[in-house]
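All values below were derived from every heavy atom in this structure, side-chain atoms included, with hydrogens, water molecules and symmetry-related copies excluded.
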Amino acid sequence: MPGPSQRRRLPLRIVVPSRNDPLLRRFTEPLGGPLGKRTAPGIVEPGFFTVERVLILLTTVAALLSVLVKTPCRVAGWTMPDDFYMACYSDWPVLFEARGLAEGVFPFVTPGSAFEYPVLMGLLAGVTALLVPGNGASPERALAYFDINATLVAVVWIVTVVATARMSHRRPWDAAMVALAPGVVLAGTINWDLWPAMVLALAMLCFARGQLAAAGALIGLGTALKVYPVLLLGAILLLAIRTGRSRPLLVTAGAAGATWLLVNVPFMVSGFASWSYFLGYTRDRDAGYSSLWYAYNVTAERGGLPQLGPGAVNALSLLLFLGACLAIALLVLSAPRRPRLASIVFLIVVAFVLTNKVYSPQFVVWLVPLAALAHPRWRDFLIWQFFEVLHWWAIWMYLGRITGGGEQQHNIDTPYYVLAVLGHIAATAYLTVKVARGMLEPDHDVVRRLDTDDPQGGPFAGMPDRFVLHRNTRQDRVQTARAVQAERQDKK
C-alpha cells in the first residue's frame, strides 16, 4: 500500500459562486438554482470551458464594451467639451497631441521633454506613439493611438484577471469581479492605470508563491509606472513585524529598490529636469478634481470661506495618510488573527486614494483587483461600483460645464457634483469597513471560512504570531492552529 508521500494529490474543490455568494445564489433561481451539492468543481474535468478560459472570455467582452463606450469620440474626435458631455474622454489622444508625441517627442528621451508621469509610463507612451502610422498631429493618428493603447490594455486586463484568479486558491471565480467591474469598463481606457494594476497583481502572485525577488522586481517596475504599487511593501512590513520574519521584507524591498533605481537612474543622470518634472508637477498642482480637497475648496468658495492652496493640501494630505497608516498598523497588530495580505494592501491603497490631493476617475482601477481579493462579496462590490459609476458620470458633466459652458440640460451644478464625490468616498469607506470587520472578526472573512489561512501570504502563510498587541483568546488560538494545520496540508 503506497505511503502518504506516494499518494497522488487530488485537485482542490473550488468555491462555486452560485452556492457561496448570497446575491448570486438568488440570481441563479431562474436558471435552475445554484450548483448542486454533489458536484465536484475543480476535480471533474470541465472540458474546454475551464475557469481561466471563461474569465478570459468575460474580460474580452468587457474590453470590447469599454471601447464601445468611447464610440462617440472615436467617430467625432476628442474635442472639448463634447468629449465630456458624451462621457468618452480619454487622456491618450489628448496627450498624444498636447505632449508632442504626434510630432515625435519621446518622453524622458527627447531633450527638454516634460511628462507628468513616472519614467516607465512615459516610455510606454512614447513606444506606443512609435506604432502609430504616419506623421504629425491629426484626428486619424489620434484615433490610431487610442486604438493601439486600448488593444494593449485589453491584454493587460486579461493578465490582471488571470493573475488574480491564480492567487485566489480555491476561489478563482472571484476574479470575475475584475473581469466585469463596471468601473474598469468605464475607466479602463482613460489612461494607462491598468498597467500598474497588472504589475501589482503579478507581484502579489509571485509573493504568494514565495518568489520574493521576482515580487520585489515587479514592485519596482510598478512604482516606475505609478507610485502606488510600492504600498505593497507597507503590508509586507506589518506582516513581518507580526510574524517576526524579516527575510521576506528584506529580500522583496531590496529587489524593489534595486529595480526602481535601475530604471530611473539612467534618466536622472541624462536629464534630471525631465525626470523630476513629475515630482514638481505633483507638488505644485492645486487639489485635483474629485478629491476630498477639491470638494472642500469648491464648497468653501461658494460659502465665502478660505480655500486650501497646494502647500496646505500637501501637508494635510500627508498627515491624513500617515494617520490612516498608523490606524491600519494598529488594526493589523491587534487583530485576533493575522490579517491577510490582500486585505492590508487594500486598506493602505484606499487610505492613499482617499487622502491624496488628486482623484481621477480611473483610480478605481487600482482598487478593483484588491477588493476582489480582500472582500469577495458581490453585493458589497456592486454597491461600491454603483457609486463609482455615478461619480464617473458626474465628473464629465461637471467638467463639461466649467470648460465649455454647454447647454444647460447637459450640465450638473456644483452641489450635485460634490454629492457625487462624497458618495464615491462613502461607498469606498463602506467597503473598507467590511474589510476591517473581517480582520477584527475572522468569522466574517469569507476566504477563511474554508480553513484557508492566507492565499496571498506566501512566506507568512501559516506562521505563528511573534508580536501582537492583543492577547488571543483560547478560541482564537484554536482557529489559528486549525488554519496553520490546513495550510501545511495544502503545501504537502
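- For Val105 against Ser113, the heavy-atom pair with the smallest separation is CG1-CB, 3.8 Å.
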(message) Please evaluate residues Asp380 and Arg377 with respect to the criterion salt bridge (charged side-chain N to carboxylate O under 4.0 Å, His left out), reporting the C-alpha separation (whole Å), side-chain torsions for both, the decisive distance (0.1 Å), and the verdict.
(response) CA-CA 6 Å; Asp380 299 328; Arg377 273 289 184 244; over 6 Å; no
(request) List the steps and the verdict of side chain to side chain contact (heavy atoms under 4.5 Å, CB included) for Asp174 and Thr164. (result) CA-CA 8 Å; Asp174 292 341; Thr164 304; 6.0 Å; no
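- Leu232 pairs in a side chain to side chain contact (heavy atoms under 4.5 Å, CB included) with only one of the listed residues (Leu341, Ile348, Thr252), which is Leu341.
- Here Tyr359 and His391 bring their ring centres to under 6.0 angstrom of each other.
- A perpendicular orientation is assigned to the rings of Trp384 and Phe381, their planes being inclined by more than 60° (bins at 30° and 60°).
- Under the 3.5 Å distance criterion, the side-chain polar atoms of Tyr85 are matched with a main-chain donor or acceptor of Gly400.
- Relative ring orientation between Tyr89 and Trp396 is described as tilted, the plane-to-plane angle lying within the 30° to 60° band.
- A donor-acceptor contact shorter than 3.5 Å is absent between the side chain of Asn149 and the backbone of Thr128.
- Tyr145 and Trp92 have their aromatic ring centers separated by at least 6.0 angstrom.
- Under the 6.0 Å cut-off for aromatic ring centres, Phe352 and Phe321 qualify, their centroids lying closer than that.
- If you check the side chains of Lys70 and Ser90, you find no donor sitting under 3.5 Å from an acceptor.
- Relative ring orientation between Tyr398 and Tyr417 is described as parallel, the plane-to-plane angle staying below 30° on a 0-90° scale split at 30° and 60°.
- A donor-acceptor pair under 3.5 Å is absent between the side-chain atoms of Arg437 and the main chain of His444, judged by distance alone.
- The minimum heavy-atom distance linking Ala125 with Phe115 is given by the pair CB-CZ, 3.7 Å.
- The shortest distance between side-chain heavy atoms of Val161 and Ile56 does not fall below 4.5 Å.
- At least one donor-acceptor pair under 3.5 Å links the side chain of Gln456 to the backbone N or O of Met167.
- Counting only distance, with no hydrogens or angles, the side chain of Thr71 and the backbone of Leu68 share a donor-acceptor pair below 3.5 Å.
- More than 12 heavy atoms of other residues, nucleotides or ligands lie within 6.0 Å of OH in Tyr430, so this atom counts as buried by the packing criterion.
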(message) Could you go through Arg166 and Val162, starting from their C-alpha distance and side-chain angles, then the distance that decides it, and tell me whether this counts as side chain to side chain contact (heavy atoms under 4.5 Å, CB included)?
(response) CA-CA 6 Å; Arg166 290 188 178 184; Val162 172; 3.5 Å; yes
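- Asp286 approaches Lys357 most closely through the heavy-atom pair O-CE, 4.0 Å.
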(request) Give the C-alpha distance, both sets of side-chain angles, the deciding distance and a yes or no for side chain to side chain contact (heavy atoms under 4.5 Å, CB included) between Leu95 and Tyr117. (result) CA-CA 11 Å; Leu95 293 173; Tyr117 299 102; 3.8 Å; yes
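- The CG atom of Leu316 sits 4.5 Å away from atom CH2 of Trp293, with the distance rounded to the nearest 0.5 Å.
- In terms of modelled atom types and a separation under 3.5 Å, the side chain of Trp78 and the main chain of Cys88 share a donor-acceptor contact.
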(request) Could you walk me through whether Tyr296 and Leu292 pass the side chain to side chain contact (heavy atoms under 4.5 Å, CB included) test, one step at a time? (result) CA-CA 6 Å; Tyr296 167 80; Leu292 175 66; 6.0 Å; no
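- A distance-only check finds no donor-acceptor pair linking the side chain of Arg340 to the backbone of Asp454 [under 3.5 Å].
- In terms of heavy-atom proximity, Trp157 sits nearest to Ala62 at CH2-CB, 3.6 Å.
- Of all heavy-atom pairs between Pro172 and Ala165, the closest is O-CB, 3.7 Å.
- Of all heavy-atom pairs spanning Met439 and Ala335, the tightest one is O-CB, 3.6 Å.
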